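Heads up, the thing below is written out as structure tokens.
Quick note on labels: first sequence line is chain A, next is B, and so on, each numbered from 1. As the structure is a prediction and not an experimental result, all values here were calculated from the model.
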Number of protein chains: 2
Amino acid sequence: MGQHLVGNHIRKLRFNHDEMTQQQLADKAGVTRQTIVALEKGNYSPSLELAFRIARAFGLSLEEVFFYGEE
Amino acid sequence: MGQHLVGNHIRKLRFNHDEMTQQQLADKAGVTRQTIVALEKGNYSPSLELAFRIARAFGLSLEEVFFYGEE
DNA sequence: TTTATATGTAAAGTTAACTTGACATTATGT
DNA sequence: ACATAATGTCAAGTTAACTTTACATATAAA
């Protein structure tokens with residue numbers, strides 16, 4: 001796990017976008033729900049490829065979903 | 001390795017930015033030169049964290065360096 | 001009360017990102 | 001001719017992202 005400098009707004013965005021559930025987002029992004037849970041908890045940061053798919057699921061750019069360093 | 005949907009402009013950007021060498025970029029991004037070589041060759045796509053550090057090394061946003069799908 | 005949906009958590013396994021180390025090639029300069 | 005810097009490539013090892021499975025809790029609806 002270590003300390004992660006990458007954060008995200010996934011949880012917040014899920015509720016702003018049709019109240020998307022973890023499972024729905026996972027399906028759209030092509031990962032398991034556990035992965036979404038881990039990302040929301042900040043356990044680790046995603047691969048760049050997954051980051052793109054998640055941003056795409058929200059119709060947003062990478063940097064609207066993920067940030068480096070403190071918010 | 002697999003097929004990667006994520007591409008980058010690293011090699012091109014290196015030459016546009018002070019003709020930065022692979023080693024210099026690696027140092028700035030905090031990885032080994034082998035990692036830069038692999039990324040330029042498209043062997044794999046970086047972690048999101050590394051993607052941020054590389055973009056930062058160029059003073060660019062993530063999506064100015066990396067793209068999803070065909071260019 | 002029972003059923004279904006959404007979320008939380010945990011642990012073991014797989015895979016891909018990244019490291020380490022080593023050597024080859026090419027070009028530039030002395 | 002020799003040295004040095006930049007790049008290419010290969011192989012084995014480590015670690016973190018991601019999967020799979022499983023069970024627990026909470027809420028709301030029938």
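- Residue Gln34(A) has no polar side-chain atom (N or O) positioned under 4.0 Å from OP1 or OP2 of dG8(C).
- With Arg14(A) as the fixed residue, the side chain to side chain donor-acceptor pair (under 3.5 Å) test singles out one of Glu19(A), Glu40(A), His9(A): Glu40(A).
- Using a 4.0 Å heavy-atom distance criterion, Val31(A) is classed as a sugar-phosphate-only contact.
- Residue contacts shown for Thr21(B) are limited to sugar-phosphate atoms, with no base heavy atom under 4.0 Å away.
- In this structure, CD1 of Ile10(B) is placed 14 Å from C1' of dC18(C), rounded to the nearest angstrom.
- Here Arg14(B) does not reach the OP1 or OP2 of dA6(D): none of its side-chain N or O atoms lies under 4.0 Å away.
- Whole-Å rounding puts the Gln23(A) CD to dT5(C) C1' distance at 11 Å.
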inquiry  = Is there a side-chain contact (heavy atoms from CB on, under 4.5 Å) between Arg53(B) and Leu50(B)? Walk through the geometry before answering.
reply    = CA-CA 5 Å; Arg53(B) 296 203 305 267; Leu50(B) 175 53; 3.8 Å; yes
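- Smallest separation of non-hydrogen atoms from Pro46(B) and Phe66(B): CG-CE2, 3.7 Å.
- For the pair Glu63(A) (side chain) and Leu62(B) (backbone), a donor-acceptor distance under 3.5 Å is present.
- Taking atom CD1 on Ile36(A) and atom C1' on dT9(C), their separation rounds to 16 Å, with Å as the unit.
- OP1 and OP2 of dA6(D) both lie 4.0 Å or more from every side-chain N or O belonging to Arg11(B).
- If you measure from atom CD of Gln22(B) to atom C1' of dT25(C), you get 14 Å, rounded to the nearest angstrom.
- Distance CG (Leu50(B)) to P (dA17(D)): 12 Å, rounded to an integer number of Å.
- The listed nucleotides are dC18(D), dG8(C), dT20(D); the one nearest the side chain of Thr32(A) is dT20(D).
- The phosphate of dC18(D) has OP1 or OP2 within less than 4.0 Å of a side-chain N or O from Ser47(A).
- Between the P atom of dA6(C) and the CZ atom of Arg33(A) lies a distance of 10 Å, rounded to the nearest Å.
- Look at CD on Gln24(A): it is 9 Å from P on dT7(C), rounded to the nearest Å.
- Between Ile54(B) and Leu39(B), the closest side-chain pair of non-hydrogen atoms falls below 4.5 Å.
- Each of Leu48(A) and Phe15(B) lies near DNA chain D, and the nucleotide nearest Phe15(B) is the one positioned closer to the 5' end.
- Between the CZ atom of Phe52(A) and the C1' atom of dA17(D) there is a distance of 18 Å, given to the nearest Å.
- Nucleic acid contact class of Thr35(B) (heavy atoms, under 4.0 Å, all strands): base.
- In this structure, of dG8(C), dT19(D), dG8(D), it is dT19(D) that holds the atom nearest to the side chain of Tyr44(A).
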